[in-house]
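Step one of this worksheet: look at the structure below.
Every chain is numbered from 1, with letters handed out A, B, ... down the list of sequences.
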2 protein chains.
Amino acid sequence: MENPFLRKLQKSNPLTDEDLRFIERCTGALRDVPGDQDIVTEGERPPTCLVLMEGLVGRYKQLRNGRRQILAFQVPGDFIDMHSFVLGRLDHSMTSITPCRMAPISHNAMQEIVNAHPRIALAFWREAMIEAAIFRDWVVNLGQRPAYERVAHAFCELACRLDAVGQLHDNSFRFPVTQEELGQAVGFTAVHVNRVLQRLRADGLVTHEGGRLTIHDRERLERAGDFEPSYLYLSGSDPDRGPQKGRQSEPQV
Amino acid sequence: MENPFLRKLQKSNPLTDEDLRFIERCTGALRDVPGDQDIVTEGERPPTCLVLMEGLVGRYKQLRNGRRQILAFQVPGDFIDMHSFVLGRLDHSMTSITPCRMAPISHNAMQEIVNAHPRIALAFWREAMIEAAIFRDWVVNLGQRPAYERVAHAFCELACRLDAVGQLHDNSFRFPVTQEELGQAVGFTAVHVNRVLQRLRADGLVTHEGGRLTIHDRERLERAGDFEPSYLYLSGSDPDRGPQKGRQSEPQV
DNA sequence: CGTTTGATTGACACGAGTCAACACCAGTGG
DNA sequence: CCACTGGTGTTGACTCGTGTCAATCAAACG
């Protein structure tokens, strides 16, 4: 399965082959977007949903005072615009950080899924709630952790999520963001991010160069970032889904 | 309609009377919880979903180093535990700040809604995505705003959400949290929150006493907090839902 | 080549944390 | 009825993490 979206969905949802084929039929022709270009902007009402197939996109909100917060980095397999169907209007913007390839899903198709394909609808719903769990974790990260730990934590999350879609190779992944952008994501100035990165590098945890992030000591990085990945709900091993839909009916103690 | 949950759902979702009655039939006997007690804790797999009918509850995550981040204050009408059905396991905890009354919805009922009541399922899904939008806004608040603006912003949001369920009277609402707790929500120490509250009071914006928060100048408070409520998707006036499900089919310019 | 963009460095300013003392109040028990 | 208690709010002095500003450097690029 080279489709990262289906691969991810399949891994933690009880979807039939027919479900997967149906989702495939729902997606329109792939759309390419050059790097560093807005995909949707705050307030817009995009006519279709979007799934990210390749590339890196950033969600962000622009403040009146000129500052900008990057809310999330989205990776291949992420259902990056479900909002337009469920909420209509977007409350934030998205921009392509690298050139991207996206698969559209029409609102009509989404509506049909809700009407007649409950397993798929629930899988999408689940994706949305995992997204919310990730935002919660960013709240914790921004609210409670000092710079060094915060950046470490952010890197751990990215690594995990990329690993889940097979985009982590030798603990290294493509991550062509400037220190300015990193700062806008973790809530620090570029200058301060620079100093933190230097410390992380000096400590032998990660290096960021040539548009790649390389993790040299995953375990120590996770300890430094106080990282605990259960909020990502990736564990294929541990069956997250509760006692519904007949996969198992005994809630485990 | 004294049921704040149905009232809120109805306001921004195209639900029929029959839908509403069905939701009512899905909810079990109301559950009362005394104040200051954990409702669910991280890692648990609650057997039913929960809707908050009365009281104030706080979501939080406890860190290893002893610090705690309050992720959200939940108010009557909030679907506080949808997670247990969609994700199974909880990734954070919830505690009652005041005595609370909650309505359970069984996972079986939820499953039936997904299977056979798409309008309701979509309405719930929408609630989940609004929750995520609120977390996004907290990310911005924690990442970009200094103390004074941050606290002001948090108060504005609470006021808006409480207003939507008729719990804001004369720009004042019940809010019996300590400065310590407020600090854990906005990412500051209690001491610093104290100084910020004094400034807000001195500036004639808000007072917090006797377990109530009173807003004396809503407009100036919103300006101070750089508050813009569109992310709450409350606007009954502006039809947020896009061109689906036949309510209207022309997207407005 | 110059130009531009991003990374790096240093000096200094400032917002927020820390620690400790004190005030205030509700409750409790003698 | 009053002493005592514990929790919360308040204040001040000091520390420290992060921001600001500005200069320099390196690499990419036209």
Side-chain angles (χ1 to χ4, degrees), chain A residues 34-36 58 63 65-70 95 97-98 141-154 174-203 206-214 224-226, chain B residues 34-36 58 63 65-70 95 97-98 141-154 174-203 206-214 224-226:
Chain A
D36 202 27
L63 302 208
N65 60 2
R67 304 183 62 139
R68 183 171 94 140
Q69 173 72 39
I70 293 183
T95 186
I97 293 172
T98 67
N141 208 21
L142 293 171
Q144 299 298 335
R145 284 193 261 265
Y148 188 81
E149 298 160 59
R150 198 186 292 185
V151 174
H153 188 98
R174 186 117 206 287
F175 193 54
V177 301
T178 65
Q179 297 181 349
E180 179 69 36
E181 290 169 315
L182 235 187
Q184 292 172 343
V186 295
F188 294 114
T189 47
V191 172
H192 204 242
V193 165
N194 181 293
R195 301 200 237 253
V196 169
L197 287 178
Q198 287 181 54
R199 276 212 284 148
L200 285 169
R201 194 186 321 145
D203 293 346
V206 300
T207 52
H208 184 223
E209 50 179 357
R212 295 193 69 81
L213 192 87
T214 305
D226 185 29
Chain B
D36 201 27
L63 302 206
N65 60 3
R67 305 183 63 138
R68 184 170 94 141
Q69 172 72 39
I70 293 181
T95 188
I97 294 173
T98 67
N141 208 21
L142 292 171
Q144 300 298 337
R145 285 194 261 265
Y148 187 83
E149 296 161 58
R150 195 133 120 200
V151 173
H153 188 98
R174 187 118 205 288
F175 193 52
V177 301
T178 64
Q179 297 181 350
E180 178 67 38
E181 290 170 317
L182 235 188
Q184 292 172 343
V186 294
F188 295 114
T189 48
V191 172
H192 202 242
V193 165
N194 181 293
R195 302 199 234 253
V196 169
L197 288 179
Q198 285 180 55
R199 276 213 284 149
L200 286 168
R201 195 187 319 147
D203 293 347
V206 300
T207 51
H208 184 224
E209 50 179 356
R212 296 192 69 81
L213 192 87
T214 304
D226 184 31

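- Distances shorter than 4.0 Å separate none of the side-chain N or O atoms of B:Arg145 from OP1 or OP2 on C:dG15.
- Side-chain contact between B:Asp36 and B:Ile97 is absent, with no heavy atoms from C-beta onward closer than 4.5 Å.
- For a distance-only test at 3.5 Å, the side chain of B:Arg195 qualifies as a donor-acceptor partner of the base of D:dG12.
- Taking side-chain N and O atoms only, A:Gln179 has no distance below 4.0 Å to OP1 or OP2 of C:dT5.
- In this structure, of D:dA22, C:dG17, C:dT18, it is C:dT18 that holds the atom nearest to the side chain of B:Val191.
- Note: A:Phe175 CZ to A:Glu181 CD = 8.5 Å, rounded to the nearest 0.5 Å.
- Protein atom CG of A:Asp36 is 14 Å distant from nucleotide atom C1' of C:dG6, rounded to whole Å.
- In this structure, the side chains of A:Val186 and A:Val193 come closer than 4.5 Å at one or more pairs of heavy atoms.
- Rounded to whole angstrom, the span from the NE2 atom of B:His192 across to the C1' atom of D:dT10 amounts to 14 Å.
- The distance from atom CZ of B:Phe188 to atom C1' of D:dT18 is 12 Å, rounded to the nearest whole Å.
- Taking atom CG of residue A:Asn194 and atom P of nucleotide D:dC21, one finds them 18 Å apart after rounding to whole Å.
- Spacing between atom CD of B:Gln184 and atom P of C:dG17 amounts to 12 Å, rounded to whole angstrom units.
- Residues A:Ala147 and B:Gln198 each lie close to DNA chain D; by heavy-atom proximity, the contact nearer the 5' end of the strand is made by B:Gln198.
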